[in-house]
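This report refers to the structure that appears directly beneath it.
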Amino acid sequence: MDQTHASSPLAGAVHDLATEVVLALRSGDHLATVCGAAGIDEENRTGIAAARVIGADLLLPSVLYGRHPHPGDVAVLDRAVREFPPKPDAPAATAWSHWHMISTLQRMAPPPPGSAAPLAYAEPDSAWLEDAPWQAFTHQLSVLAPLAVPAAPSAVQRAAANRAVDLSRGFVRAVRRRDWLQAAGAGRWLAAIGGEPATLGLERGLDFVELMGGHDPRVTLHIRAARLMARARAR
């Protein structure tokens, strides 16, 4: 683990997992194991906690390339879901992240017939997104950037599509504030849903965010995902 990039073992594990997701996105190699490359298995408690932080993006290469995920990555994500369920008073973003992890597992790696029933978790409330000021809306959507993927409809995705202009304002604000992770998350949403003003210059904006914030692999992860989705929409 590269401690120069982390102040704790958990932060280091998150850094390593995000880095491996980026490498898989660049190579398109769905057979490679993200978790195995980072030295994490389903018995590694710190690694499981890191997988909970990364969320459903652990399977993002398979989601975007339309291929089967590695069984080891599925096992780690499933363990993270079971080990770290949201508390009753958890923030809405935490509940949505948990819901998306479960729905991604069910979509990408359904259990074989006769196996134990999968976890069930109802789609959380989203009414709070409708009236949120655009600054808070952008912040919350950037936290929920793993939900910005194709073929995964949700109330959060519909809210994003209805407020593309607000997300664009938030993207510009995040860049000006040098909040590269928030800018990358907002940019990923805009690439997924479209509808941003032509004057935004999203493609060049994403290049700038990656240049300035690329030392954080989570920034690069969102930027790479945004580019892949933007290309798919342009076809």
Side-chain angles (χ1 to χ4, degrees), residues 5 10-30 32-38 40 42 46-81 83-84 86 93-109 140-154 156-157 160 180-193 206 209-210 213-214 216-230 232:
H5 293 282
L10 176 57
V14 169
H15 180 278
D16 292 347
L17 275 180
T19 298
E20 294 303 331
V21 172
V22 170
L23 292 174
L25 288 174
R26 284 176 174 163
S27 69
D29 185 2
H30 66 292
T33 165
V34 169
C35 295
I40 292 171
E42 56 186 307
T46 300
I48 298 300
R52 179 63 188 85
V53 174
I54 296 295
D57 274 348
L58 197 65
L59 305 186
L60 184 61
S62 295
V63 170
L64 293 184
Y65 287 110
R67 298 164 180 167
H68 294 296
H70 192 281
D73 296 338
V74 171
V76 168
L77 186 61
D78 181 73
R79 183 69 180 271
V81 166
E83 288 286 325
F84 298 101
T94 300
W96 271 105
S97 175
H98 189 74
W99 172 85
H100 184 54
M101 291 166 68
I102 292 174
S103 64
T104 299
L105 282 168
Q106 292 173 344
R107 187 174 74 256
M108 299 299 297
Q140 292 297 329
L141 265 290
S142 68
V143 173
L144 293 174
L147 276 74
V149 291
S154 68
V156 174
Q157 192 172 87
W180 308 122
L181 186 57
Q182 185 175 126
R188 175 173 168 177
W189 272 109
L190 290 169
I193 63 175
L206 291 173
V209 171
E210 183 176 30
D216 184 342
R218 296 174 302 167
V219 170
T220 307
L221 188 161
H222 291 324
I223 298 297
R224 181 63 184 172
R227 288 184 179 135
L228 288 171
M229 289 187 287

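Treat the numbers as computed from the prediction; the structure is a model and nothing was measured. Residue indices begin at 1 and follow the sequence shown.
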When rounded to the nearest 0.5 angstrom, what distance separates [atom1] in [X] from [atom2] in [Y]?
X: Leu105; Y: Leu59; atom1: CG; atom2: CG; value: 6.0 Å
X: Cys35; Y: Ile54; atom1: SG; atom2: CD1; value: 9.5 Å
X: Arg52; Y: Leu58; atom1: CZ; atom2: CG; value: 12.0 Å
X: Leu190; Y: Leu206; atom1: CG; atom2: CG; value: 8.5 Å
X: Thr46; Y: Leu10; atom1: OG1; atom2: CG; value: 7.0 Å
X: Ile102; Y: Arg107; atom1: CD1; atom2: CZ; value: 13.0 Å

Side-chain contact, heavy-atom cut-off 4.5 Å: [X] with [Y]?
X: Pro150; Y: Leu64; value: yes
X: Val143; Y: Trp96; value: no
X: Thr33; Y: Glu20; value: no
X: Asp78; Y: Glu42; value: no

Among Met229, Arg227, Arg224, exactly one meets side chain to side chain contact (heavy atoms under 4.5 Å, CB included) together with Arg188. Which residue is that? Met229
Let me know which of Leu60, Val22, Asp57, Val209 forms a side chain to side chain contact (heavy atoms under 4.5 Å, CB included) with His222. Asp57
Evaluate the side-chain contact (heavy atoms from CB on, under 4.5 Å) criterion for residues Val156 and Gln140: first the C-alpha distance (whole Å), next the side-chain angles of each, then the deciding distance (0.1 Å), finally the verdict. CA-CA 10 Å; Val156 174; Gln140 292 297 329; over 6 Å; no
Show the nearest heavy-atom pair for residues [X] and [Y], with the distance to one decimal.
X: Ala80; Y: Met101; answer: CB-CE, 4.1 Å
X: Ala186; Y: Ser142; answer: N-CB, 4.3 Å
X: Leu141; Y: Ala160; answer: CD1-CB, 3.9 Å
X: Pro153; Y: Trp99; answer: O-CH2, 4.0 Å
X: Tyr65; Y: Ala24; answer: CE1-O, 4.1 Å
X: Gly187; Y: Ala226; answer: O-CB, 4.1 Å

Mark yes or no for whether [X], through its side chain, and [Y], through its backbone, hold a donor-acceptor pair below 3.5 Å.
X: Gln157; Y: Ile193; answer: no
X: Trp180; Y: Val219; answer: no
X: His100; Y: Pro146; answer: yes
X: Asp16; Y: Ala38; answer: no
X: Ser97; Y: Thr94; answer: no

